[in-house]
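The first residue of the sequence shown is numbered 1, and numbering continues consecutively from there. As a basis for the values below, the full set of heavy atoms in this structure was taken, side chains included, without hydrogen atoms, waters or symmetry mates. Predicted, not measured: the structure shown is a model, and the values here were computed from it.
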Amino acid sequence: MPTRVHEFIWPDRVVVGTLGLPGARTFYLQVRAGTQIISIAMEKQQSALLAEKIDEILDQLITLEGNPFSVPTGTPVELVDNDQLETVHEQFRTGTMSLDWDPTTAQIVIKAYPITEVDDVDELFEEIDPAATEMLLVRMPVGSARAFAKRTREIVGAGRPTCPLCGYPMDADGHICTPPEA
């Protein structure tokens, strides 16, 4: 069966937002172009890692001689989006993702695939399932990508604190984790 691709080449809006209270929030990557809107569920760690990796790519591009792609060092004020999510109809729960840079259009490219039984947050940006039946493909210009990463960090930071040992959220009534093996 061919893969159904939800493609957004120049989206009007790309945001991570949440529904629910801290500790019971569901994170969504929501994309809109005109009347087409897609919302995919994500884990908090996926959202945080996506923002981190986007900023890493943009920061590396800034160091190129002459900053040929006009990558902003901060978030352009006109691109700040603090609005709530629009109506959410979950398309799928995100498993594996890939992140890329397209120098021909100066855009960050995100590909997200539905979760499978073997997906793991630690493998977020690794091997893509060739048998995937659905995917989200989003292309964002550099300014929008910078604004997306900033908002995502703020959304992630507004929840429960993250355990410095395991990276998972800590509940107010305690947290038990196993530190990573050395």
Side-chain angles (χ1 to χ4, degrees), residues 6 8 11 13-31 37-60 75 80-86 88-101 108-140 144-182:
H6 306 281
F8 294 84
R13 184 175 197 223
V14 182
V15 295
V16 165
T18 62
L19 295 178
L21 299 172
R25 295 186 299 171
T26 301
F27 285 74
Y28 290 96
L29 170 59
Q30 188 172 76
V31 189
I37 187 167
I38 295 288
S39 302
I40 60 172
M42 299 176 65
E43 295 296 325
K44 178 180 182 179
Q45 295 89 343
Q46 287 175 309
S47 302
L49 188 56
L50 181 59
E52 177 186 325
K53 295 298 182 185
I54 286 173
D55 271 339
E56 283 179 14
I57 290 172
L58 295 174
D59 290 346
Q60 287 175 1
T75 302
V80 172
D81 183 343
N82 292 322
D83 293 338
Q84 297 292 322
L85 292 174
E86 297 176 46
V88 174
H89 298 287
E90 184 178 312
Q91 189 68 36
F92 59 81
R93 179 161 286 283
T94 306
T96 306
M97 300 177 79
S98 70
L99 189 59
D100 202 1
W101 167 250
I108 294 287
V109 180
I110 300 170
K111 293 180 183 175
Y113 298 85
I115 196 165
T116 62
E117 293 177 23
V118 296
D119 283 335
D120 182 345
V121 171
D122 293 333
E123 298 171 358
L124 177 62
F125 291 104
E126 294 192 7
E127 191 172 319
I128 303 301
D129 180 2
T133 58
E134 193 169 19
M135 74 173 282
L136 172 65
L137 172 63
V138 180
R139 295 173 166 275
M140 286 187 286
S144 297
R146 188 66 85 183
F148 171 88
K150 179 181 185 294
R151 174 191 166 115
T152 301
R153 284 191 314 276
E154 290 169 356
I155 295 288
V156 167
R160 297 175 294 167
T162 303
C163 175
L165 297 175
C166 70
Y168 286 96
M170 297 187 298
D171 292 321
D173 58 342
H175 174 75
I176 298 175
C177 74
T178 306
E181 294 182 24

Return the CG to NZ distance between Asp81 and Lys150, rounded to the nearest 0.5 Å.
11.0 Å
If we ignore angles and hydrogens, is there a donor and acceptor under 3.5 Å between the side chains of Ser39 and Gln30?
yes
Is there a side-chain contact (heavy atoms from CB on, under 4.5 Å) between Arg139 and Phe8? Walk through the geometry before answering.
CA-CA 6 Å; Arg139 295 173 166 275; Phe8 294 84; over 6 Å; no
Applying salt bridge (Lys or Arg N to Asp or Glu O under 4.0 Å) to Arg151 and Asp83, what does each step give before you reach the verdict?
CA-CA 10 Å; Arg151 174 191 166 115; Asp83 293 338; over 6 Å; no
No-hydrogen, no-angle side-chain donor-acceptor test under 3.5 Å, Gln91 and Glu134:
yes
Which atoms form the tightest heavy-atom contact between Arg25 and Gly20, and what is the distance?
CG-O, 3.4 Å
Side chain proximity check, Ile115 to Thr94, heavy atoms < 4.5 angstrom
no
Where do Ala145 and Ile108 come nearest, in terms of heavy atoms and distance?
CB-CG1, 3.7 Å
May I have the step-by-step check of side-chain contact (heavy atoms from CB on, under 4.5 Å) for Gln46 and Phe27, ending in yes or no?
CA-CA 9 Å; Gln46 287 175 309; Phe27 285 74; over 6 Å; no
Run the numbers on Leu137 and Ile110 for side-chain contact (heavy atoms from CB on, under 4.5 Å), then give the verdict.
CA-CA 6 Å; Leu137 172 63; Ile110 300 170; over 6 Å; no
Nearest non-hydrogen partners of Ala41 and Thr26, listed with the distance
CB-CG2, 4.3 Å
Under 4.5 Å between any side-chain heavy atoms of Met140 and Ile54, yes or no?
yes
Salt bridge (Lys or Arg N to Asp or Glu O under 4.0 Å) filter on Arg153, not counting sequence neighbours, yields Asp55
So do the side chains of Asn82 and Glu154 get within less than 4.5 Å of each other, counting heavy atoms only?
yes
Would you check, one step at a time, whether the test side-chain contact (heavy atoms from CB on, under 4.5 Å) holds for Glu43 with Arg93?
CA-CA 9 Å; Glu43 295 296 325; Arg93 179 161 286 283; 3.4 Å; yes
Enter the distance from His89:NE2 to Ile40:CD1 here, rounded to the nearest 0.5 Å.
16.0 Å
For the side chain to side chain contact (heavy atoms under 4.5 Å, CB included) test, which of Val15, Thr18, Leu85, Val16 pairs with Tyr28?
Leu85
One thing to verify: whether Asp59 and Arg146 come together as a salt bridge, which I'm taking to mean a side-chain N less than 4.0 angstrom from a carboxylate O.
yes
Minimal non-hydrogen separation, Val156 against Lys44, with atom names:
O-CE, 3.5 Å
Shortest non-hydrogen separation from Tyr113 to Phe92 and the atoms involved:
C-CE1, 3.6 Å
Nearest heavy atoms of Ile57 and Trp101, plus distance in Å
CG2-CB, 4.3 Å
Taking the side chain as every heavy atom from C-beta outward, state whether Thr152 and Leu50 have any pair of such atoms under 4.5 Å apart.
no
I want to check something: taking the side chain as every heavy atom from C-beta on, are Val138 and Val109 in contact at a cut-off of under 4.5 Å?
no
